[in-house]
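The structure appears right after this line, and notes come after that.
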Amino acid sequence: KLEKEEDYMYLKRLELQGFKSFADRTILEFKPGITAVIGPNGSGKSNISDAIRWVLGEQSIKSLRGAKSEDIIFAGTENRKSLGFAEVSIVFDNEDSSLPIEYTEVTVTRKLYRTGETGYFINKVPCRLKDILELFMDTGIGRDGYSIIGQGKIDEILSNKSEDRRHIFEEAAGIVKYRVRREES
Ligand code: ATP
């Protein structure tokens, strides 16, 4: 799937609002090529990759460096009140139909209110978490994909636990959907 450079899936944009340290609506535009994010310690660099995993359906709050779901919502600072919800949208170019959906641009959105109310959307249409996981299955991008290499991920790849390694190889081989369907049936 990733043989030619032009086959790489293009992440165009990330929009954050109320997510961790990003209280104000913040839009990150990614141009083709490599993007590096730099900044002082604690300025929110890792929060960006947390946001990408969260919007793609991450359920493990621990892996997002929190203790409970609402820890991802802006908690306030000395001179700014906390917020009632967090929303993240991620936009992929889909001109080449890398994603199995008939849109040339795909926006996935996840929203969480402090009350616990939550929602997922594909191109603004409400959907289930399952739809999002299926959309990115076998692309290497999703929650369980290998395109986000966070702390501990390398350990997982090198781990002695064959089950952990197998998940990564299955994703790369593009056969996760068959395993999931078998488990479902
Ligand atoms: P380093 O270079 O040290 O790895 P970083 O730039 O990756 O730092 P992050 O870990 O992304 O920084 O950001 C940490 C900051 O995010 C901390 O200042 C923390 O207070 C803030 N933060 C995390 N969760 C929330 C929240 N819910 N509300 C407000 N701020 C938050």
Side-chain angles (χ1 to χ4, degrees), residues 1-14 16 19-20 28 30-37 45-67 69 71-72 88-110 112 118 120-123 127-185:
K1 226 176 257 172
L2 300 176
E3 280 160 359
K4 288 188 289 169
E5 192 171 348
E6 54 268 33
D7 286 343
Y8 278 66
M9 203 177 277
Y10 174 26
L11 164 60
K12 287 170 111 173
R13 198 160 62 242
L14 186 69
L16 314 138
F19 186 89
K20 289 200 168 188
L28 295 144
F30 300 103
K31 302 290 175 213
I34 294 172
T35 301
V37 178
K45 303 182 295 293
S46 305
N47 291 345
I48 296 174
S49 57
D50 288 344
I52 295 176
R53 265 186 299 126
W54 185 73
V55 69
L56 295 175
E58 181 60 82
Q59 300 298 296
S60 155
I61 193 71
K62 200 172 134 240
S63 83
L64 299 171
R65 304 176 300 147
S69 313
D71 288 344
I72 60 105
V88 175
S89 292
I90 193 166
V91 183
F92 288 100
D93 179 85
N94 198 36
E95 291 279 357
D96 59 356
S97 304
S98 307
L99 296 171
I101 185 170
E102 283 180 15
Y103 289 98
T104 52
E105 194 175 271
V106 180
T107 303
V108 172
T109 305
R110 182 173 181 182
L112 173 74
T118 182
Y120 292 95
F121 307 83
I122 294 175
N123 287 354
C127 66
R128 301 163 303 174
L129 165 62
K130 189 169 182 280
D131 300 318
I132 293 182
L133 297 183
E134 277 180 7
L135 183 64
F136 292 100
M137 220 172 252
D138 296 320
T139 60
I141 287 176
R143 178 189 70 173
D144 301 321
Y146 42 77
S147 58
I148 301 172
I149 306 288
Q151 278 172 17
K153 191 76 182 179
I154 301 292
D155 288 346
E156 192 182 306
I157 295 168
L158 299 174
S159 101
N160 287 323
K161 271 201 267 154
S162 54
E163 200 51 32
D164 290 347
R165 272 204 311 273
R166 182 178 153 165
H167 283 303
I168 292 154
F169 293 132
E170 280 184 346
E171 178 83 27
I175 58 169
V176 175
K177 56 177 164 297
Y178 303 113
R179 175 172 52 80
V180 171
R181 276 182 211 154
R182 191 192 64 204
E183 283 163 8
E184 276 175 1
S185 62

(request) Check whether any side-chain heavy atom of Thr139 lies under 4.5 Å from a side-chain heavy atom of Ser98, and answer yes or no. (result) no
(message) Quick one, Met9 and Leu99 - any side-chain contact, counting heavy atoms below 4.5 Å?
(response) yes
(request) For residues Glu170 and Val176, determine if any side-chain heavy atom of one lies less than 4.5 Å from a side-chain heavy atom of the other. (result) yes
(request) Look up atom CZ in Arg110 and atom CD1 in Ile90, then write down how far apart they are to the nearest 0.5 Å. (result) 12.5 Å
(request) Mark yes or no for whether Glu171, through its side chain, and Asp138, through its backbone, hold a donor-acceptor pair below 3.5 Å. (result) yes
(message) A side-chain contact here means heavy atoms from C-beta on lying under 4.5 Å apart; do Arg179 and His167 qualify?
(response) yes
(request) Taking the side chain as every heavy atom from C-beta outward, state whether Phe92 and Val108 have any atom pair closer than 4.5 Å. (result) no
(request) Using the test salt bridge (Lys or Arg N to Asp or Glu O under 4.0 Å), find all partners of Glu163 that sit at least two apart in sequence or belong to another chain. (result) none
(request) Could you grab the distance from atom CD1 of Ile61 to atom CH2 of Trp54, nearest 0.5 Å is fine? (result) 9.0 Å
(request) Could you pull out all residues at least two apart from Phe30 that satisfy side-chain contact (heavy atoms from CB on, under 4.5 Å)? (result) Leu11, Leu14, Leu28, Thr35
(message) Let me confirm one number: the CG-CG distance from Leu64 to Asp71, rounded to the nearest 0.5 Å.
(response) 10.0 Å
(message) Are Asn94 and Thr104 packed together at the side-chain level, in the sense that at least one heavy-atom pair is separated by less than 4.5 angstrom?
(response) no
(request) Taking atom CD of Glu102 as the centre, report whether more than 12 heavy atoms of other residues, nucleotides or ligands fall under 6.0 Å from it. (result) no
(request) Drop me the distance from Asp50's CG to Phe19's CZ, to the nearest 0.5 angstrom. (result) 5.5 Å
(request) For Cys127 and Ile122, work out which heavy atoms get closest and say how close. (result) SG-CG1, 3.6 Å
(message) Working to the nearest 0.5 angstrom, can you tell me the gap between Glu58 CD and Ile52 CD1?
(response) 13.0 Å
(message) Please report the interatomic distance OH(Tyr120) to NZ(Lys130), rounded to the nearest 0.5 Å.
(response) 14.0 Å
(message) For Leu112 versus Ser69, what's the shortest heavy-atom pair and its separation?
(response) CD2-O, 3.6 Å
(message) Looking at every heavy atom in both Val106 and Leu135, which two are closest together, and how far apart are they?
(response) CG1-CD2, 4.0 Å
(message) Contact between Lys177 and Val180 at the side-chain level, heavy atoms closer than 4.5 Å - yes or no?
(response) no
(request) With the side chain counted from C-beta on, respond yes when Leu129 and Gln59 share a heavy-atom pair under 4.5 Å apart, and no when they do not. (result) yes
